[in-house]
There are 2 protein chains.
Amino acid sequence: MTDTNTSSKILDAAETLFANQGFHATTLRQITRTAGVNLAAVHYHLGSKQALVHAVFERYLDDLNRQRLRQLENAVTEASGRRLERILEALVEPALLLGGQDDRNFARLLVRAFAENDRDLHRFVRDRYSHVMKRFAAAISEALEQAGEKKPDDAELRRQLDFIVGALTYAMTYDAGDGNPTQVAASLVRFAATALRGTHGSPALTPEPAEA
Amino acid sequence: MTDTNTSSKILDAAETLFANQGFHATTLRQITRTAGVNLAAVHYHLGSKQALVHAVFERYLDDLNRQRLRQLENAVTEASGRRLERILEALVEPALLLGGQDDRNFARLLVRAFAENDRDLHRFVRDRYSHVMKRFAAAISEALEQAGEKKPDDAELRRQLDFIVGALTYAMTYDAGDGNPTQVAASLVRFAATALRGTHGSPALTPEPAEA
DNA sequence: GTCTATACAGTGATAGAC
DNA sequence: GTCTATCACTGTATAGAC
């Protein structure tokens with residue numbers, strides 16, 4: 001925010017303007033004017049508007065996932081009764097509850113504008129943070145295995161983690177008036193934990209889905 | 001597709017180009033050239049590029065939700081054992097399995113570009129199809145109530161339906177290679193049904209979330 | 001009413017001087 | 001590294017022909 005070099009000034013200005021106006025509506029001229037740098041500087045330092053969006057996105061998500069992993073480290077030491085919930089909270093809470101209202105606005109707009117700029121941004125993000133999701137999948141699998149009767153099927157668990165991330169991403173787009181984020185986070189954790197336990201817990205009662 | 005009037009020609013050309021290139025990358029000049037009409041025609045008939053996007057979006061989602069409601073009508077007549085699954089299939093399958101590969105590509109891109117053009121497109125869609133979600137919420141509530149021990153809490157059920165829609169929306173953005181849509185649909189239905197039954201079914205075993 | 005030709009201000013990008 | 005000048009192209013608006 002108070003960085004002095006040109007790249008950081010551009011990133012900071014872009015972050016603020018994107019949060020208030022969205023990606024598409026924000027022009028490079030606005031950004032460079034706000035940052036107090038020349039228009040051409042953004043191309044020299046970042047390459048293109050699309051690359052600038054990537055960079056802003058990356059800086060935000062790097063931070064988010066760092067916090068998730070930190071919270072996950074504490075969660076996996078939890079006694080088995082609530083461990084699954086603690087793990088899911090580590091996934092959900094940094095995204096929904098983090099920071100002040102400004103941060104939440106930014107998160108919301110960032111996610112809302114997810115698909116705006118290029119068609120493979122989604123894939124870019126998924127690849128960049130796949131190790132985080134792998135880590136969560138492993139922790140969830142371990143928690144279920146310890147509490148349940150069998151080792152969860154990996155492919156099925158991956159799909160389910162995607163469902164949770166999808167629900168979370170959708171919830172991140174809520175406007176301020178759309179509901180209490182604390183309540184939403186708690187509901188999502190309960191929803192996900194119940195589904196995970198129910199589909200992996202007791203083989204006799206929950207038949208495997210037909211593997212097509 | 002074979003409509004002769006100018007409006008339909010524009011909508012058809014836009015639909016195809018959007019599906020192949022995304023909203024943002026597609027220019028009005030491309031659209032009008034493909035449609036064989038004058039550039040100004042899009043403003044005369046639709047008003048703006050944003051309005052054109054709305055119109056294309058609307059035409060697609062009207063169709064999708066019509067099919068959902070039709071499938072829901074059959075689902076609610078199902079015997080109670082699998083009724084919840086049938087209802088969830090009515091929500092999920094038209095979105096994931098519908099039509100040929102072109103339709104699926106279009107659905108994927110449409111959803112991927114959900115937030116692209118204006119910041120309240122999300123809200124626009126939610127408002128326009130809220131009656132569909134109300135109908136599904138009522139059907140799910142009824143199915144749970146009949147099978148379970150108590151009437152589900154409406155606010156909680158609404159949140160959960162949002163989670164399911166979020167997971168579904170996310171799954172709609174999968175690329176062709178990302179997984180078998182039939183498998184994804186089946187997994188999502190099972191995931192959602194398990195969560196719904198588990199959180200609303202037996203009060204003693206599944207404590208209410210703290211209502212903040 | 002419907003469509004065409006034309007113009008306009010603003011965009012992202014880039015070559016080349018400093 | 002930075003800046004100016006300039007480019008092709010964008011969405012939009014409108015005057016006027018059919």
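Side chains are part of it too, since the values below use all heavy atoms of this structure and drop only hydrogens, waters and symmetry mates. Since the model is a prediction, treat every value here as computed from it, not as a measurement. Here is how names work: the chains are called A, B, and so on, in the same order as the sequence lines, proteins then strands, and each is numbered from 1.
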Q | d(CG, B:Leu52; P, D:dT10) in whole Å | A | 15 Å
Q. Which is it for B:Thr27 and B:Gln21 under the side-chain contact (heavy atoms from CB on, under 4.5 Å) test, yes or no, and what are the steps along the way?
A. CA-CA 10 Å; B:Thr27 70; B:Gln21 310 178 341; over 6 Å; no
Q: Kindly indicate, with the supporting measurements, whether the criterion side-chain contact (heavy atoms from CB on, under 4.5 Å) is fulfilled by A:Arg68 and A:Arg135.
A: CA-CA 10 Å; A:Arg68 277 173 163 167; A:Arg135 182 76 193 82; over 6 Å; no
Q. What integer distance in Å separates B:Phe23:CZ from D:dT10:P?
A. 18 Å
Q) Can you give one letter per nucleotide of nucleotides 3-18 of chain C, 5' to 3': B if a protein heavy atom sits under 4.0 Å from the base, S if only from the sugar-phosphate, - if neither? A) SBB-----BBBB----
Q | B:Ser130 side-chain N/O to B:Asp127 backbone N/O, donor-acceptor pair under 3.5 Å | A | yes
**Q.** Between P of C:dG1 and CG of B:Leu46, the distance in whole Å
**A.** 18 Å
Q: Would you please say whether a donor-acceptor pair under 3.5 Å links the side chains of A:Glu156 and A:Thr199?
A: no
Q.
Less than 3.5 Å apart, any donor N or O on the side chain of A:Ser187 or A:Gln183 sitting next to an acceptor on the other?
A. yes
